[in-house]
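Below, chain A is the first sequence line, B the second, and so on; all start at residue 1.
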There are 2 protein chains.
Amino acid sequence: MAINRKMDFAADEIALADLAKAISHPARIAILKILAQQESCICGQIVEGLPLAQATVSQHLKELKAVGLIKGTIEGKTSCYCINWEMFNQFVSQFGVFAELSKNASCQSQSCC
Amino acid sequence: MAINRKMDFAADEIALADLAKAISHPARIAILKILAQQESCICGQIVEGLPLAQATVSQHLKELKAVGLIKGTIEGKTSCYCINWEMFNQFVSQFGVFAELSKNASCQSQSCC
DNA sequence: ATTATTTATCGTATATTTGCGATATAAAAT
DNA sequence: ATTTTATATCGCAAATATACGATAAATAAT
(Lines give C-alpha, C1' and ligand atoms only; values in the text may rest on other atoms or scores of the structure.)
Protein backbone atom coordinates (compact mmCIF):
# COMPACT_ATOMS: atom_id res chain seq x y z
CA MET A 1 0.00 0.00 0.00
CA ALA A 2 3.04 2.23 0.44
CA ILE A 3 1.07 4.90 2.27
CA ASN A 4 -2.45 5.15 3.66
CA ARG A 5 -4.38 7.83 1.80
CA LYS A 6 -7.40 7.68 4.07
CA MET A 7 -6.67 11.03 5.72
CA ASP A 8 -6.69 12.80 2.38
CA PHE A 9 -10.48 12.53 2.35
CA ALA A 10 -13.16 14.63 4.02
CA ALA A 11 -13.96 13.86 7.65
CA ASP A 12 -17.58 12.98 6.94
CA GLU A 13 -16.53 10.59 4.19
CA ILE A 14 -14.10 8.86 6.54
CA ALA A 15 -16.74 8.65 9.25
CA LEU A 16 -19.32 7.08 6.93
CA ALA A 17 -16.75 4.66 5.54
CA ASP A 18 -15.78 3.60 9.06
CA LEU A 19 -19.39 2.86 9.95
CA ALA A 20 -19.81 0.88 6.74
CA LYS A 21 -16.63 -1.03 7.48
CA ALA A 22 -18.00 -1.95 10.90
CA ILE A 23 -20.92 -3.79 9.26
CA SER A 24 -18.90 -5.12 6.31
CA HIS A 25 -18.60 -8.63 7.74
CA PRO A 26 -21.49 -11.13 7.89
CA ALA A 27 -20.66 -11.95 11.51
CA ARG A 28 -21.23 -8.35 12.51
CA ILE A 29 -24.46 -8.17 10.51
CA ALA A 30 -25.56 -11.34 12.30
CA ILE A 31 -24.66 -9.84 15.69
CA LEU A 32 -26.75 -6.74 14.97
CA LYS A 33 -29.69 -8.95 13.96
CA ILE A 34 -29.45 -10.96 17.16
CA LEU A 35 -29.31 -7.81 19.25
CA ALA A 36 -32.22 -6.25 17.35
CA GLN A 37 -34.35 -9.33 17.95
CA GLN A 38 -33.65 -9.36 21.65
CA GLU A 39 -33.81 -5.56 21.95
CA SER A 40 -31.22 -5.52 24.69
CA CYS A 41 -29.06 -7.62 26.90
CA ILE A 42 -27.97 -10.95 25.52
CA CYS A 43 -24.55 -11.60 26.76
CA GLY A 44 -22.64 -14.63 25.64
CA GLN A 45 -25.52 -16.21 23.77
CA ILE A 46 -24.18 -14.29 20.81
CA VAL A 47 -21.26 -16.70 20.75
CA GLU A 48 -23.66 -19.66 20.66
CA GLY A 49 -25.55 -18.10 17.77
CA LEU A 50 -22.49 -17.73 15.57
CA PRO A 51 -20.18 -20.22 13.84
CA LEU A 52 -17.09 -18.62 15.34
CA ALA A 53 -14.84 -19.06 18.33
CA GLN A 54 -15.45 -16.99 21.45
CA ALA A 55 -12.30 -14.95 20.93
CA THR A 56 -13.36 -14.06 17.40
CA VAL A 57 -16.86 -13.01 18.44
CA SER A 58 -15.41 -10.87 21.21
CA GLN A 59 -13.26 -9.14 18.63
CA HIS A 60 -16.25 -8.45 16.34
CA LEU A 61 -18.19 -7.04 19.29
CA LYS A 62 -15.26 -4.78 20.06
CA GLU A 63 -15.28 -3.39 16.53
CA LEU A 64 -18.99 -2.65 16.59
CA LYS A 65 -18.56 -0.97 19.95
CA ALA A 66 -15.58 1.06 18.74
CA VAL A 67 -17.68 2.88 16.13
CA GLY A 68 -20.58 3.26 18.55
CA LEU A 69 -23.09 1.01 16.80
CA ILE A 70 -23.53 -1.07 19.96
CA LYS A 71 -23.18 -0.39 23.66
CA GLY A 72 -21.81 -2.87 26.15
CA THR A 73 -21.70 -3.07 29.90
CA ILE A 74 -20.27 -5.61 32.32
CA GLU A 75 -22.92 -7.26 34.45
CA GLY A 76 -21.09 -9.21 37.09
CA LYS A 77 -19.68 -12.29 35.46
CA THR A 78 -21.25 -11.62 32.08
CA SER A 79 -21.24 -8.86 29.50
CA CYS A 80 -24.33 -7.25 28.08
CA TYR A 81 -24.64 -5.68 24.65
CA CYS A 82 -27.34 -3.82 22.79
CA ILE A 83 -27.74 -1.73 19.67
CA ASN A 84 -27.11 1.98 20.02
CA TRP A 85 -30.12 3.05 17.99
CA GLU A 86 -29.16 6.69 18.09
CA MET A 87 -25.94 5.92 16.24
CA PHE A 88 -27.57 3.32 14.03
CA ASN A 89 -30.26 5.73 12.84
CA GLN A 90 -27.74 8.50 12.36
CA PHE A 91 -25.73 6.12 10.19
CA VAL A 92 -28.67 5.11 8.02
CA SER A 93 -29.83 8.69 7.62
CA GLN A 94 -26.52 9.61 6.00
CA PHE A 95 -27.51 7.69 2.89
CA GLY A 96 -30.11 10.33 2.21
CA VAL A 97 -27.30 12.69 1.28
CA PHE A 98 -26.70 10.87 -1.99
CA ALA A 99 -30.28 11.23 -3.13
CA GLU A 100 -30.23 14.92 -2.19
CA LEU A 101 -27.07 15.52 -4.17
CA SER A 102 -28.70 13.95 -7.20
CA LYS A 103 -31.71 16.27 -7.01
CA ASN A 104 -29.79 19.38 -7.91
CA ALA A 105 -27.41 17.55 -10.19
CA SER A 106 -25.70 19.57 -12.87
CA CYS A 107 -26.58 17.10 -15.60
CA GLN A 108 -29.68 14.95 -15.77
CA SER A 109 -28.73 13.61 -19.14
CA GLN A 110 -28.65 9.87 -18.56
CA SER A 111 -26.84 9.81 -21.84
CA CYS A 112 -24.60 6.87 -21.19
CA CYS A 113 -25.92 4.76 -18.33
CA MET B 1 -7.39 -16.44 9.43
CA ALA B 2 -6.72 -20.11 8.74
CA ILE B 3 -10.07 -20.57 7.05
CA ASN B 4 -12.64 -18.11 5.78
CA ARG B 5 -15.86 -18.52 7.75
CA LYS B 6 -17.85 -16.18 5.53
CA MET B 7 -19.83 -18.95 3.89
CA ASP B 8 -21.08 -20.19 7.23
CA PHE B 9 -23.45 -17.22 7.35
CA ALA B 10 -26.84 -16.65 5.74
CA ALA B 11 -26.88 -15.51 2.12
CA ASP B 12 -28.68 -12.25 2.91
CA GLU B 13 -26.17 -11.44 5.62
CA ILE B 14 -23.29 -12.03 3.22
CA ALA B 15 -24.98 -9.91 0.55
CA LEU B 16 -25.53 -6.98 2.91
CA ALA B 17 -21.98 -7.25 4.24
CA ASP B 18 -20.61 -7.21 0.69
CA LEU B 19 -22.53 -4.03 -0.13
CA ALA B 20 -21.31 -2.42 3.08
CA LYS B 21 -17.76 -3.45 2.27
CA ALA B 22 -18.08 -1.80 -1.13
CA ILE B 23 -18.66 1.57 0.54
CA SER B 24 -16.26 0.98 3.44
CA HIS B 25 -13.50 3.13 1.96
CA PRO B 26 -13.63 6.95 1.83
CA ALA B 27 -12.53 6.92 -1.81
CA ARG B 28 -15.59 4.89 -2.76
CA ILE B 29 -17.87 7.15 -0.71
CA ALA B 30 -16.32 10.11 -2.52
CA ILE B 31 -16.89 8.45 -5.90
CA LEU B 32 -20.57 7.89 -5.13
CA LYS B 33 -20.91 11.54 -4.08
CA ILE B 34 -19.33 12.75 -7.32
CA LEU B 35 -21.59 10.50 -9.38
CA ALA B 36 -24.68 11.60 -7.42
CA GLN B 37 -23.87 15.26 -8.01
CA GLN B 38 -23.45 14.78 -11.73
CA GLU B 39 -26.34 12.33 -12.03
CA SER B 40 -24.67 10.41 -14.80
CA CYS B 41 -21.68 10.27 -17.04
CA ILE B 42 -18.50 11.78 -15.77
CA CYS B 43 -15.74 9.59 -16.93
CA GLY B 44 -12.19 10.27 -15.92
CA GLN B 45 -12.92 13.47 -14.03
CA ILE B 46 -13.39 11.15 -11.07
CA VAL B 47 -9.64 10.63 -11.09
CA GLU B 48 -9.08 14.39 -10.99
CA GLY B 49 -11.44 14.74 -8.05
CA LEU B 50 -9.62 12.21 -5.91
CA PRO B 51 -6.18 12.21 -4.23
CA LEU B 52 -5.30 8.86 -5.78
CA ALA B 53 -3.50 7.50 -8.80
CA GLN B 54 -5.50 6.56 -11.88
CA ALA B 55 -4.86 2.86 -11.39
CA THR B 56 -6.17 3.03 -7.84
CA VAL B 57 -9.33 4.89 -8.83
CA SER B 58 -9.98 2.38 -11.58
CA GLN B 59 -9.72 -0.40 -9.02
CA HIS B 60 -12.21 1.32 -6.69
CA LEU B 61 -14.63 1.81 -9.58
CA LYS B 62 -14.33 -1.87 -10.37
CA GLU B 63 -15.29 -2.82 -6.82
CA LEU B 64 -18.35 -0.58 -6.82
CA LYS B 65 -19.37 -2.03 -10.17
CA ALA B 66 -18.81 -5.60 -8.98
CA VAL B 67 -21.51 -5.27 -6.31
CA GLY B 68 -23.80 -3.40 -8.70
CA LEU B 69 -23.82 -0.03 -6.93
CA ILE B 70 -22.65 1.69 -10.10
CA LYS B 71 -22.99 1.02 -13.80
CA GLY B 72 -20.31 1.70 -16.34
CA THR B 73 -20.13 1.77 -20.09
CA ILE B 74 -17.36 2.44 -22.54
CA GLU B 75 -17.95 5.52 -24.68
CA GLY B 76 -15.32 5.53 -27.34
CA LYS B 77 -12.07 6.58 -25.76
CA THR B 78 -13.60 7.26 -22.36
CA SER B 79 -15.57 5.37 -19.74
CA CYS B 80 -18.81 6.55 -18.27
CA TYR B 81 -20.11 5.67 -14.82
CA CYS B 82 -23.27 6.39 -12.91
CA ILE B 83 -25.00 5.27 -9.75
CA ASN B 84 -27.32 2.28 -10.07
CA TRP B 85 -30.12 3.78 -8.00
CA GLU B 86 -32.14 0.59 -8.06
CA MET B 87 -29.36 -1.27 -6.28
CA PHE B 88 -28.50 1.69 -4.08
CA ASN B 89 -32.06 2.02 -2.80
CA GLN B 90 -32.39 -1.71 -2.34
CA PHE B 91 -29.23 -1.59 -0.25
CA VAL B 92 -30.43 1.24 1.97
CA SER B 93 -33.85 -0.34 2.43
CA GLN B 94 -32.25 -3.39 3.99
CA PHE B 95 -31.44 -1.40 7.11
CA GLY B 96 -35.13 -1.27 7.85
CA VAL B 97 -34.97 -4.95 8.74
CA PHE B 98 -33.15 -4.20 11.97
CA ALA B 99 -35.82 -1.81 13.20
CA GLU B 100 -38.52 -4.32 12.26
CA LEU B 101 -36.79 -7.09 14.18
CA SER B 102 -36.68 -4.87 17.23
CA LYS B 103 -40.43 -4.19 17.12
CA ASN B 104 -41.40 -7.73 18.00
CA ALA B 105 -38.40 -8.26 20.22
CA SER B 106 -38.68 -10.91 22.88
CA CYS B 107 -37.40 -8.60 25.58
CA GLN B 108 -37.91 -4.86 25.79
CA SER B 109 -36.22 -4.66 29.14
CA GLN B 110 -33.41 -2.20 28.49
CA SER B 111 -32.12 -3.53 31.77
CA CYS B 112 -28.44 -3.18 31.09
CA CYS B 113 -27.80 -0.79 28.23
C1' DA C 1 0.62 5.52 -40.28
C1' DT C 2 2.02 7.53 -36.19
C1' DT C 3 1.25 9.69 -31.95
C1' DA C 4 -1.42 11.11 -28.09
C1' DT C 5 -5.15 10.21 -24.87
C1' DT C 6 -7.98 7.46 -21.88
C1' DT C 7 -8.80 3.67 -19.12
C1' DA C 8 -8.18 -1.25 -17.58
C1' DT C 9 -5.24 -4.71 -15.95
C1' DC C 10 -0.91 -6.88 -14.11
C1' DG C 11 2.46 -7.35 -10.73
C1' DT C 12 4.02 -6.33 -6.43
C1' DA C 13 4.89 -4.10 -1.88
C1' DT C 14 2.81 -3.04 2.24
C1' DA C 15 -1.11 -2.57 5.46
C1' DT C 16 -5.11 -4.30 7.49
C1' DT C 17 -8.45 -7.82 8.67
C1' DT C 18 -9.80 -12.23 10.16
C1' DG C 19 -9.61 -16.27 13.04
C1' DC C 20 -8.32 -18.74 16.93
C1' DG C 21 -5.54 -21.01 20.69
C1' DA C 22 -3.62 -19.64 24.83
C1' DT C 23 -3.92 -16.89 28.58
C1' DA C 24 -5.45 -13.22 31.77
C1' DT C 25 -9.06 -11.30 34.60
C1' DA C 26 -12.83 -11.18 37.42
C1' DA C 27 -16.95 -12.70 39.45
C1' DA C 28 -19.81 -16.79 41.04
C1' DA C 29 -20.25 -21.31 42.83
C1' DT C 30 -18.53 -24.96 45.55
C1' DA D 1 -9.83 -21.06 49.56
C1' DT D 2 -10.46 -23.41 45.41
C1' DT D 3 -12.76 -24.30 41.30
C1' DT D 4 -15.77 -23.11 37.70
C1' DT D 5 -17.73 -19.90 34.41
C1' DA D 6 -17.77 -15.85 31.34
C1' DT D 7 -15.39 -12.74 28.69
C1' DA D 8 -11.45 -9.84 27.15
C1' DT D 9 -6.88 -9.60 25.42
C1' DC D 10 -2.40 -11.27 23.42
C1' DG D 11 0.19 -13.18 19.83
C1' DC D 12 0.53 -15.16 15.70
C1' DA D 13 -0.64 -17.17 10.94
C1' DA D 14 -3.12 -16.64 6.91
C1' DA D 15 -6.20 -14.05 3.93
C1' DT D 16 -7.63 -9.59 1.91
C1' DA D 17 -7.38 -4.92 0.84
C1' DT D 18 -4.92 -0.85 -0.65
C1' DA D 19 -1.84 1.77 -3.54
C1' DC D 20 0.64 2.54 -7.56
C1' DG D 21 4.14 2.09 -11.43
C1' DA D 22 4.33 -0.19 -15.64
C1' DT D 23 2.03 -1.73 -19.38
C1' DA D 24 -1.73 -3.19 -22.46
C1' DA D 25 -5.65 -2.08 -25.27
C1' DA D 26 -8.47 0.73 -27.83
C1' DT D 27 -9.93 4.97 -29.74
C1' DA D 28 -9.07 9.77 -31.38
C1' DA D 29 -6.10 13.24 -33.23
C1' DT D 30 -2.36 14.55 -36.17
Closest non-hydrogen atom pair, A:Leu61 against A:Ile70: O-CD1, 3.6 Å
Relative orientation of the end axes in the helix from C:dA1-D:dT30 to C:dT30-D:dA1, expressed as an angle to the nearest 10° (five pairs per end): 10°
Pairs satisfying salt bridge (Lys or Arg N to Asp or Glu O under 4.0 Å), at least one member in residues 52-62 of chain A, at least two apart: none
Distance test, side-chain N/O of B:His60 to OP1/OP2 of D:dA17, below 4.0 Å: no
Quick one: side chains of residues 7-23 of chain B, donor-acceptor pairs under 3.5 Å with protein atoms, not counting sequence neighbours, listed by atom name and distance.
from, atom 1, to, atom 2, distance (Å)
B:Asp8, OD2, B:Arg5, NE, 3.3
B:Asp12, OD2, A:Lys33, NZ, 2.8
B:Glu13, OE1, B:Ala10, N, 3.4
B:Asp18, OD1, B:Lys6, NZ, 3.0

Pair listing, salt bridge (Lys or Arg N to Asp or Glu O under 4.0 Å) test, anchored in residues 81-91 of chain A, at least two apart: none
Listed partners of B:Ser58 passing side-chain contact (heavy atoms from CB on, under 4.5 Å), at least two apart: B:Gln54
Rounded distance in Å - CG (A:Leu50) to P (C:dT18): 14 Å
A:Thr56: partners by side-chain contact (heavy atoms from CB on, under 4.5 Å), with sequence neighbours left out: A:Leu52, A:Ala53, A:His60
Output one line per pair: protein atom, nucleotide atom from nucleotides 4-11 of chain C, and distance, for all N/O pairs under 3.5 Å.
from, atom 1, to, atom 2, distance (Å)
C:dT7, OP1, B:Gly44, N, 3.1
C:dT7, OP1, B:Ser79, N, 3.4
C:dT7, O3', B:Ser79, OG, 3.3
C:dA8, OP1, B:Ser79, OG, 3.2
C:dA8, OP1, B:Tyr81, OH, 2.4
C:dA8, OP2, B:Ser58, OG, 3.0
C:dA8, N7, B:Gln54, NE2, 2.8
C:dA8, N6, B:Gln54, OE1, 3.0

Those residues of residues 12-32 of chain B lying under 4.0 Å from DNA chain D by at least one heavy atom: B:Lys21, B:His25, B:Arg28
Remaining members of hydrophobic cluster (4.5 Å side-chain criterion), A:Val97: A:Leu101
Rounded distance [0.5 Å steps], CG in B:Leu64 versus CE in B:Met87: 11.5 Å
Any B:Asn4 side-chain N or O less than 4.0 Å from OP1/OP2 of D:dT16: yes
Nearest-Å distance for atom pair CG/C1', residues A:Asp8 and D:dA19: 12 Å
Nearest heavy-atom neighbours spanning B:Ala30 and B:Leu50: CB-CD2, 3.6 Å
Distance in Å, B:Glu63 CD paired with B:His25 NE2, rounded so as to fall on 0.5 Å steps: 9.0 Å
ring-ring contact (aromatic ring centres under 6.0 Å, His included) against B:Phe98, all qualifying residues, sequence neighbours excluded: A:Phe88
Separation of atom NZ in A:Lys6 from atom P in C:dT16, rounded to whole Å: 9 Å
Euclidean distance, atom CD of residue B:Glu63 to atom C1' of D:dA17 [Å, nearest integer]: 7 Å
